[in-house]
Amino acid sequence: MKFSEFLDVRDGTHDSPKRVNIGKKLITTKNLEDNRIDFTNAKNISLNDFKRINERSKVDQFDILLSMIGTVGNVYQERSAFPDYAIKNLALLKFHGDELLSNWMNYYLQSKKGQSKIHQRLSGSTQQYISLTDLRNIEIMLPNRDQMELCIKPLRYLDDLISRNVNLS
């Protein structure tokens, strides 16, 4: 089944909004690392630019961000109910609140098999990238919801333990 048959695949802005001293964060490939966002070096943009960008590519809870230019294949799953940033040059996989499917895809995209599917479709010689069309056309065997639940339950449990331990230190 192609991604486009069960996912809404979009991307963030390609514009370069002007940096401001105080504003909303703009997240790019360089801010995405190891299933987390590093906000420390994220550019601040105006509220107007933030609203304009989010009209077409607002990140919601359980959506997944995927780096698609330069360092391709970094994955981040948004767990917050109210994310407060905009995105640029990142793929946005919209799950429309489907936590189970989002969790399964998050682990799949981070897996060796998922990363291989992404890297098989890379283009560009100087700077590698994967196009939205290529992302939408990635084909996978999507398990039924019971199988998804069985697969992700122990992984989610371990991730929650790790998260709690990291937050304690």
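What you see below is based on every heavy atom in this structure, not just the backbone, and it leaves out hydrogens, waters and symmetry mates.
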Chemist: Can I69 be reached from I87 by stepping across I, L, V, M, F, W or Y side chains whose heavy atoms are under 4.5 Å apart?
Modeler: no

Chemist: Do D160 and R79 meet the salt-bridge criterion of a basic N to acidic O distance under 4.0 Å?
Modeler: no

Chemist: Working to the nearest 0.5 Å, report the span between CD of Q127 and OG1 of T29.
Modeler: 8.5 Å

Chemist: Between I27 and V59, is any pair of side-chain heavy atoms under 4.5 Å apart?
Modeler: no

Chemist: Find out whether I140 and K113 are in side-chain contact, i.e. whether some heavy atom of one side chain is under 4.5 Å from a heavy atom of the other.
Modeler: no

Chemist: Main chain of N74, side chain of S67: is a donor-acceptor contact present, judged purely on distance under 3.5 Å?
Modeler: yes

Chemist: Answer yes or no: is there a side-chain heavy-atom contact under 4.5 Å between V20 and D49?
Modeler: no

Chemist: Is there a donor-acceptor contact under 3.5 Å from the side chain of N31 to the main chain of T28?
Modeler: yes

Chemist: Going by heavy atoms in the side chains, are N144 and Q147 under 4.5 Å from each other?
Modeler: yes

Chemist: Between N103 and Q77, is a side chain to side chain donor-acceptor pair (under 3.5 Å) present by the stated rule, with each step listed?
Modeler: CA-CA 8 Å; N103 285 338; Q77 180 190 39; 2.8 Å; yes

Chemist: For residues S57 and G12, report the shortest heavy-atom separation together with the two atoms involved.
Modeler: OG-CA, 3.7 Å

Chemist: For the CG atom on L158, are there more than 12 heavy atoms of other groups (residues, nucleotides or ligands in this structure) within a distance under 6.0 Å?
Modeler: yes

Chemist: Is there a path of hydrophobic side-chain contacts, each under 4.5 Å between heavy atoms of I/L/V/M/F/W/Y residues, joining L109 to I152?
Modeler: yes

Chemist: Say whether, by atom type as modelled, one donor and one acceptor occur between the side chain of Q115 and the main chain of G73 under 3.5 angstrom.
Modeler: yes

Chemist: Parallel under 30°, tilted from 30 to 60°, perpendicular over 60°: which one fits the rings of F6 and F3?
Modeler: perpendicular

Chemist: Using the rule that Ile, Leu, Val, Met, Phe, Trp and Tyr join whenever any side-chain heavy atoms are under 4.5 Å apart, tell me whether L100 and L7 fall into a single cluster.
Modeler: yes

Chemist: Mind checking whether W104 and F95 sit in one hydrophobic cluster, side chains of I, L, V, M, F, W, Y counted as touching below 4.5 Å?
Modeler: yes

Chemist: So Y107 and C151, do their side chains get closer than 4.5 Å, heavy atoms only?
Modeler: no

Chemist: If I take atom NZ from residue K117 and atom CD1 from residue I138, how far apart are they, to the nearest 0.5 angstrom?
Modeler: 8.0 Å

Chemist: I'd like to check the side chain to side chain contact (heavy atoms under 4.5 Å, CB included) partners of D134; sequence neighbours left out, ordered by chain and number.
Modeler: R121, S123, I130, S131

Chemist: Out of curiosity, S46 OG to R19 CZ, how far, rounded to the nearest 0.5 Å?
Modeler: 13.0 Å

Chemist: One thing to verify: whether K24 and D84 come together as a salt bridge, which I'm taking to mean a side-chain N less than 4.0 angstrom from a carboxylate O.
Modeler: yes

Chemist: In Å and rounded to the nearest 0.5 Å, what is the CD1 to CG distance from I53 to N48?
Modeler: 11.0 Å

Chemist: Is L66 reachable from L92 through a run of hydrophobic residues whose side-chain heavy atoms are each under 4.5 Å from the next?
Modeler: no

Chemist: Show me the pairs that pass side chain to side chain donor-acceptor pair (under 3.5 Å) and involve residues 85-95, at least two apart or across chains.
Modeler: H14-N89, S16-K88, D60-K94, D63-K94, E78-Y85

Chemist: Do other residues, nucleotides or ligands put more than 12 heavy atoms under 6.0 Å from K25 NZ?
Modeler: yes

Chemist: First locate atom CG of L132, then atom CG of D11, and finally report the distance between them rounded to the nearest 0.5 Å.
Modeler: 4.0 Å

Chemist: Could you tell me whether the side chain of L26 reaches within less than 4.5 Å of the side chain of N44, counting heavy atoms only?
Modeler: no

Chemist: Would you mind reporting whether S102 and I64 have side-chain heavy atoms less than 4.5 Å apart?
Modeler: yes

Chemist: With heavy-atom distances below 4.5 Å as the criterion, would you say the side chains of T71 and L32 are in contact?
Modeler: no

Chemist: So, taking the atom named NZ in K18 and the one named CG in D15, what distance separates them when rounded to the nearest 0.5 Å?
Modeler: 15.0 Å

Chemist: Above 12 or not: heavy atoms from other molecules or residues under 6.0 Å from OH of Y157?
Modeler: no

Chemist: Is there a donor-acceptor contact under 3.5 Å from the side chain of S111 to the main chain of Y108?
Modeler: yes

Chemist: Quick one: do the D38 and T40 side chains pair a donor with an acceptor below 3.5 Å?
Modeler: yes

Chemist: May I have the step-by-step check of side-chain contact (heavy atoms from CB on, under 4.5 Å) for H119 and L122, ending in yes or no?
Modeler: CA-CA 5 Å; H119 286 95; L122 291 180; 3.4 Å; yes

